[in-house]
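One structure is given below, encoded as structure tokens.
Here the structure is a predicted model, which is why all the values come from computation and not from measurement.
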Amino acid sequence: EAMDAIFGRYYSWNEAVEACPDGWHLPSDAEFVEMANALAPDGTAFAEKEWFTDVAGGLMVDAKFLGTRMWEYWPQVKITNKAGFSALPVGYAMDSGTSPDFTGVDNYAAFWTSDSEKNELGYCRYIYVKQNDVQIGAHDKESFRASVRCVKD
């Protein structure tokens, strides 16, 4: 909680779908596809539930925290934040029941989508420091915790 104001919170999927204020909503995977297509090289078109290649740098912000660059430099990733998404590598958390286990800080950014599979899994979009791709995964709606970006209605 001490870092919430700086890096945001980690939400379960169930919390994420309720987290956005009035006039805003949790983006669907189709909305992530729209953003990725706008960043993609000409002639590239992505679809829902697939990896987006060569666009992650357009979502990442080149930020420093206490003088240290947050996204480590990798030659295959050019950080531009062209989309204004400002992704930071704050990782994700797994709620083990007693206290959350934080994973991937400095390596991953993970964001919930509003999409779900069956009643137990929600979809997340990932950015990994060493790849210029945006990945997708399905996780338990309660124990997995990720970041949220809200979209204006």
Side-chain angles (χ1 to χ4, degrees), residues 1-40 44-63 65 70-72 74 77 79 81-153:
E1 291 184 13
M3 300 302 279
D4 287 357
I6 298 168
F7 298 121
R9 300 191 73 119
Y10 297 97
Y11 297 85
S12 70
W13 185 88
N14 293 320
E15 293 168 339
V17 295
E18 301 292 327
C20 296
D22 288 340
W24 296 77
H25 65 274
L26 188 66
S28 66
D29 197 51
E31 289 171 302
F32 272 93
V33 169
E34 280 184 56
M35 184 170 51
N37 283 337
L39 295 169
T44 303
F46 301 112
E48 292 180 50
K49 312 297 186 292
E50 72 176 21
W51 282 27
F52 309 146
T53 56
D54 299 325
V55 299
L59 303 174
M60 300 160 77
V61 65
D62 192 12
F65 182 67
M70 294 192 69
W71 288 107
E72 185 180 348
W74 286 92
V77 181
I79 298 173
N81 197 31
K82 183 178 177 181
F85 193 79
S86 300
L88 294 171
V90 297
Y92 52 88
M94 292 292 295
D95 190 351
S96 60
T98 55
S99 64
D101 295 321
F102 299 97
T103 303
V105 174
D106 296 330
N107 288 307
Y108 287 97
F111 299 92
W112 284 117
T113 74
S114 61
D115 295 31
S116 65
E117 181 177 293
K118 303 178 183 156
N119 285 332
E120 301 161 8
L121 303 176
Y123 281 99
C124 247
R125 283 290 176 178
Y126 296 94
I127 300 168
Y128 179 48
V129 67
K130 297 180 184 181
Q131 296 176 338
N132 198 25
D133 303 333
V134 178
Q135 304 170 23
I136 189 161
H139 298 283
D140 180 78
K141 289 181 177 181
E142 278 302 317
S143 63
F144 189 84
R145 297 181 176 273
S147 298
V148 166
R149 285 289 192 274
C150 298
V151 175
K152 193 166 179 65
D153 292 343

Mind running side-chain contact (heavy atoms from CB on, under 4.5 Å) on Arg9 and Glu15 for me, showing each step along the way?
-> CA-CA 11 Å; Arg9 300 191 73 119; Glu15 293 168 339; over 6 Å; no

Going by side-chain hydrogen bond (donor to acceptor under 3.5 Å, both in side chains), name the residues that satisfy it together with [X], two or more places apart in sequence or in a different chain.
{"X": "Asp106", "result": "none"}
{"X": "Ser86", "result": "Asn81"}
{"X": "Thr44", "result": "none"}
{"X": "Lys82", "result": "none"}

Can you measure from [atom1] ([X]) to [atom2] ([Y]) and round to the nearest 0.5 angstrom?
{"X": "Arg145", "Y": "Asp140", "atom1": "CZ", "atom2": "CG", "value": "10.0 Å"}
{"X": "Asp62", "Y": "Trp71", "atom1": "CG", "atom2": "CH2", "value": "11.0 Å"}
{"X": "Thr113", "Y": "Glu31", "atom1": "OG1", "atom2": "CD", "value": "10.0 Å"}
{"X": "Ile127", "Y": "Gln135", "atom1": "CD1", "atom2": "CD", "value": "10.0 Å"}
{"X": "Gln131", "Y": "Trp51", "atom1": "CD", "atom2": "CH2", "value": "5.0 Å"}
{"X": "Ser28", "Y": "Glu34", "atom1": "OG", "atom2": "CD", "value": "7.5 Å"}

Can Met70 and Phe7 be said to form a side-chain contact (heavy atoms from CB on, under 4.5 Å), step by step?
-> CA-CA 11 Å; Met70 294 192 69; Phe7 298 121; 3.3 Å; yes

Can you see which heavy atom on [X] is nearest to which on [Y], and at what distance?
{"X": "Leu59", "Y": "Ala83", "answer": "CD2-CB, 3.8 Å"}
{"X": "Ala30", "Y": "Glu48", "answer": "CB-OE2, 3.5 Å"}
{"X": "His25", "Y": "Asp153", "answer": "ND1-OD1, 2.6 Å"}
{"X": "Ala138", "Y": "Tyr123", "answer": "CB-CE2, 3.9 Å"}
{"X": "Leu88", "Y": "Ala63", "answer": "CD2-CB, 3.8 Å"}
{"X": "Lys152", "Y": "Trp24", "answer": "N-CE3, 3.2 Å"}

Would you mind listing every disulfide bond (SG atoms under 2.5 Å apart) that reaches into residues 99-153, with sequence neighbours excluded?
-> Cys20-Cys150

Worked check of side-chain contact (heavy atoms from CB on, under 4.5 Å) between Asn14 and Glu142 = CA-CA 7 Å; Asn14 293 320; Glu142 278 302 317; 2.3 Å; yes

Could you check if a side-chain atom of Val90 sits within less than 4.5 angstrom of a side-chain atom of Ser147, using non-hydrogen atoms only?
-> yes

Should Val129 and Val77 count as side-chain neighbours, where that means a heavy-atom distance under 4.5 Å?
-> no

Asn132 side chain to Thr53 main-chain N or O, any donor-acceptor pair under 3.5 Å?
-> no

Donor-acceptor under 3.5 Å (Glu50 side chain, Ala47 main chain) = yes

Verify whether the ring centers belonging to Phe111 and Phe32 lie closer than 6.0 Å.
-> no

Test of ring centre spacing under 6.0 Å for Trp112 and Phe144 |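 Close enough - the centres of the two rings lie under 6.0 Å apart.
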
Only counting residues at least two apart or in another chain, list the ones meeting side chain to side chain contact (heavy atoms under 4.5 Å, CB included) with Ala36.
-> Phe46, Phe52, Val55

Between Phe102 and Tyr10, how do the two ring planes meet: parallel, tilted or perpendicular, split at 30° and 60°?
->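 Phe102 vs Tyr10 ring planes: tilted.
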
Starting from the C-alpha separation in whole Å, work towards a yes-or-no answer on side-chain contact (heavy atoms from CB on, under 4.5 Å) for Val148 and Tyr11.
-> CA-CA 7 Å; Val148 166; Tyr11 297 85; 3.4 Å; yes

